[in-house]
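The next block holds one structure in the form of structure tokens; read it before the comments.
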Amino acid sequence: MKEVKILGSGCRKCDTLDRKVRELVKENNLDLQISKTDDLQDLIKHGIMMTPAIIIGGEVKSYGIIPGDDKLLQWLKEAQNA
């Protein structure tokens, strides 16, 4: 099972990204493990300078923005099928 990590500081944008990802995974019956962290060391480890960030299967997909639902769903489906 692929891991989807939401990295953020607990801000509204971080919470919004977390909620969107969880909704998309549930609505599309995807078998992905989702976690959210605000650990500064995790942010540094991945070279994240702006939050929120999303990491799927160990790859940083975006940071500093909330990607659109279409792009998020594309990434999630790709992870599901990988």
Side-chain angles (χ1 to χ4, degrees):
M1 179 184 310
K2 291 275 185 168
E3 181 181 18
V4 177
K5 289 178 91 172
I6 309 298
L7 286 79
S9 59
C11 68
R12 186 180 53 173
K13 286 171 50 173
C14 300
D15 292 341
T16 298
L17 179 58
D18 181 55
R19 188 186 78 249
K20 281 180 170 260
V21 168
R22 290 178 190 277
E23 287 173 358
L24 289 169
V25 166
K26 184 177 179 181
E27 289 170 2
N28 292 276
N29 296 317
L30 301 174
D31 188 23
L32 300 167
Q33 179 184 352
I34 304 168
S35 64
K36 182 180 176 203
T37 183
D38 61 358
D39 181 21
L40 182 59
Q41 292 305 314
D42 216 6
L43 292 165
I44 292 169
K45 178 176 113 179
H46 291 288
I48 306 297
M49 297 304 214
M50 295 177 66
T51 60
I54 183 169
I55 299 172
I56 301 176
E59 180 183 347
V60 177
K61 293 294 190 176
S62 75
Y63 60 89
I65 63 166
I66 299 174
D69 288 358
D70 291 342
K71 183 52 86 174
L72 286 170
L73 187 56
Q74 175 189 338
W75 291 335
L76 295 169
K77 285 183 175 181
E78 287 171 358
Q80 173 73 35
N81 296 324

In chain order, what residues pass the side chain to side chain contact (heavy atoms under 4.5 Å, CB included) check against Glu59, with sequence neighbours excluded?
Lys61
For Val25 against Leu76, the heavy-atom pair lying closest together:
CG2-CD1, 4.0 Å
Ser35: side chain to side chain contact (heavy atoms under 4.5 Å, CB included) partners, not counting sequence neighbours:
Glu3, Lys5
List, one per line, each side-chain donor-acceptor pair under 3.5 Å for residues 7-17, sequence neighbours excluded.
from: Asp15; atom 1: OD1; to: Lys36; atom 2: NZ; distance (Å): 2.3
from: Thr16; atom 1: OG1; to: Arg12; atom 2: O; distance (Å): 2.9

Which residue pairs pass the salt bridge (Lys or Arg N to Asp or Glu O under 4.0 Å) test when at least one of the two sits in residues 22-34, sequence neighbours left out?
Asp18-Arg22, Arg19-Glu23
Indicate, with yes or no, if Met50 and Leu43 share a hydrophobic cluster defined by side-chain heavy-atom contacts under 4.5 Å among Ile, Leu, Val, Met, Phe, Trp and Tyr.
yes
Hydrophobic clustering (ILVMFWY, side-chain heavy atoms < 4.5 Å, transitive) - are Ile66 and Tyr63 grouped together?
no
Partners of Lys77 by side-chain hydrogen bond (donor to acceptor under 3.5 Å, both in side chains), sequence neighbours excluded?
none
Quick note, side chain to side chain donor-acceptor pair (under 3.5 Å) partners involving residues 65-75, not counting sequence neighbours, are Lys20-Asp69, Lys71-Gln74, Gln74-Glu78
Side-chain cluster (under 4.5 Å, hydrophobic types only) that Met49 belongs to, other residues
none
Would a hydrophobic clustering, with Ile, Leu, Val, Met, Phe, Trp and Tyr connected at side-chain separations under 4.5 Å, put Ile48 with Leu40?
yes
Spacing of Ile56 atom CD1 and Gln80 atom CD [to the nearest 0.5 Å]
11.5 Å
Applying side chain to side chain contact (heavy atoms under 4.5 Å, CB included) to Asp39 and not counting sequence neighbours gives Thr37, Gln41, Asp42
Is any side-chain heavy atom of Val4 less than 4.5 Å from a side-chain heavy atom of Gln33?
no
For Pro67 and Leu72, the nearest pair of non-hydrogen atoms, with its separation, is O-CD1, 3.6 Å
